[in-house]
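Counting from 1, the numbers follow the sequence of the chain as shown. Computed from heavy atoms alone, side chains included, the values below leave out hydrogens, waters and symmetry copies.
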Amino acid sequence: MQSFDDCIRRVNAYLRGWIEFFGRSCTEEIVRPLHTLDAHIRRRLRALLLRQWKRKRFIAHRLIRMGARAKTVWRVIYEGRKGTWALSHCNPVNYVLDRAFFAKRALLSLEQRYRDMHRVIVPAQLSLGVG
């Protein structure tokens with residue numbers, strides 16, 4: 001089994017190649033689907049992390065240690081028969097494993113990378129030598 005950071009490194013390599021190849025020919029309408037794709041990738045990584053944590057009891061302890069409210073975590077984790085995919089989109093998991101969590105681990109955002117590639121650089125205003 002590989003570490004979570006190794007998994008993010010491999011995903012980043014794939015995403016970087018994809019956006020470099022296709023991002024140059026895309027129009028501005030692609031921003032919304034890229035935003036949705038970023039959210040889906042983060043959810044898949046959350047599910048992977050929850051699967052690595054294995055048991056619901058350990059998942060709950062880690063979420064509480066990371067800053068989620070204990071009462072909410074225990075209720076959400078143990079209500080019904082939820083697998084890791086369903087748990088990856090519940091409120092305590094989204095709260096703890098948010099965008100900042102993945103940004104800290106250097107997960108590449110397709111939307112942000114596209115915006116950086118297409119940023120218009122406005123030159124400084126030139127002064128006219130009238131006088």
Side-chain angles (χ1 to χ4, degrees):
M1 181 187 338
Q2 65 183 353
S3 75
F4 187 66
D5 290 329
D6 287 339
C7 182
I8 288 180
R9 253 184 256 121
R10 291 180 67 197
V11 168
N12 278 346
Y14 183 81
L15 294 177
R16 191 173 292 111
W18 189 89
I19 197 69
E20 290 296 326
F21 186 79
F22 291 108
R24 305 247 181 243
S25 61
C26 293
T27 59
E28 192 63 30
E29 290 85 34
I30 197 70
V31 172
R32 187 67 186 158
L34 288 179
H35 177 79
T36 305
L37 190 57
D38 281 339
H40 183 75
I41 291 167
R42 284 191 306 272
R43 184 174 181 190
R44 291 281 297 171
L45 289 171
R46 278 187 210 109
L48 179 81
L49 193 58
L50 292 175
R51 184 166 303 205
Q52 284 182 355
W53 292 348
K54 298 189 180 191
R55 295 183 179 166
K56 289 186 175 186
R57 178 180 57 203
F58 298 132
I59 292 171
H61 285 299
R62 286 195 183 208
L63 292 175
I64 292 166
R65 218 178 320 137
M66 294 173 83
R69 291 183 52 212
K71 187 175 181 180
T72 308
V73 168
W74 290 110
R75 180 181 48 80
V76 168
I77 295 292
Y78 281 105
E79 69 182 2
R81 294 175 48 132
K82 291 183 180 177
T84 54
W85 180 249
L87 287 175
S88 68
H89 196 57
C90 66
N91 287 337
V93 176
N94 279 342
Y95 176 74
V96 171
L97 305 176
D98 58 352
R99 286 182 188 204
F101 174 82
F102 290 108
K104 227 185 301 184
R105 280 160 181 74
L107 178 66
L108 182 72
S109 167
L110 291 174
E111 178 186 7
Q112 189 59 46
R113 183 72 186 115
Y114 177 82
R115 289 187 189 279
D116 291 344
M117 287 170 60
H118 290 42
R119 181 169 290 143
V120 178
I121 300 172
V122 180
Q125 185 173 0
L126 299 175
S127 60
L128 298 174
V130 180

Tell me whether [X] shares a hydrophobic cluster with [Y], the cluster being built from Ile, Leu, Val, Met, Phe, Trp, Tyr side chains joined at under 4.5 Å.
| X | Y | value |
| --- | --- | --- |
| Ile77 | Leu97 | yes |
| Tyr114 | Leu37 | yes |
| Phe22 | Ile30 | yes |

Query raised in the report: Is atom CZ of Arg51 surrounded by more than 12 heavy atoms (other residues, nucleotides or ligands) closer than 6.0 Å?
Result: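 Counting other residues, nucleotides and ligands, CZ of Arg51 stays at 12 neighbours or fewer.
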[X] and [Y]: which non-hydrogen atoms are nearest, and at how many Å?
| X | Y | answer |
| --- | --- | --- |
| Pro92 | Val73 | CB-CG2, 3.8 Å |
| Arg46 | Val93 | CD-CG1, 3.7 Å |
| Ala68 | Val96 | CB-CG2, 3.6 Å |
| Leu45 | Cys7 | CD2-SG, 4.0 Å |
| Ala86 | Arg43 | CA-NH2, 4.2 Å |
| Ile59 | Lys54 | CD1-O, 4.0 Å |

Separation between [atom1] of [X] and [atom2] of [Y], rounded to the nearest 0.5 Å:
| X | Y | atom1 | atom2 | result |
| --- | --- | --- | --- | --- |
| Ile19 | Leu110 | CD1 | CG | 5.0 Å |
| Leu34 | Trp18 | CG | CH2 | 5.5 Å |
| Ser88 | Leu50 | OG | CG | 6.5 Å |
| Leu108 | Asp38 | CG | CG | 8.0 Å |

Once side chain to side chain donor-acceptor pair (under 3.5 Å) is applied, do any residues pair with [X], and if so which ones, sequence neighbours excluded?
| X | value |
| --- | --- |
| Gln112 | Asp116 |
| Asn12 | none |
| Arg10 | Gln2 |
| Arg69 | none |

So do [Y] and [X] actually touch side chain to side chain, heavy atoms under 4.5 Å?
| X | Y | value |
| --- | --- | --- |
| Leu15 | Ile41 | yes |
| Gln52 | Leu49 | yes |
| Thr72 | Asn91 | no |

Report task. Scan for ring-ring contact (aromatic ring centres under 6.0 Å, His included) pairs involving residues 82-108, sequence neighbours excluded, and state none if there are none. Result ->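 Applying ring-ring contact (aromatic ring centres under 6.0 Å, His included) to every pair that reaches into residues 82-108, excluding sequence neighbours, yields His40-Trp85.
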Run the salt bridge (charged side-chain N to carboxylate O under 4.0 Å, His left out) test against [X] and tell me which residues pass, sequence neighbours left out.
| X | answer |
| --- | --- |
| Arg9 | Asp6 |
| Arg42 | none |
| Lys82 | Glu79 |
| Asp98 | none |

Query raised in the report: Taking only residues two or more places apart in sequence or in another chain, which ones pass ring pair (Phe, Tyr, Trp, His ring centres under 6.0 Å) with Trp53?
Result: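 With sequence neighbours excluded, Trp53 shows a ring pair (Phe, Tyr, Trp, His ring centres under 6.0 Å) to no residue whatsoever.
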Query raised in the report: With sequence neighbours excluded, what pairs up with Phe58 under the ring pair (Phe, Tyr, Trp, His ring centres under 6.0 Å) test?
Result: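 With neighbours one apart ignored, the set is empty.
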Query raised in the report: Which salt bridge (Lys or Arg N to Asp or Glu O under 4.0 Å) pairs, counting each pair once, include a residue from residues 55-67, with sequence neighbours left out?
Result: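 Found none.
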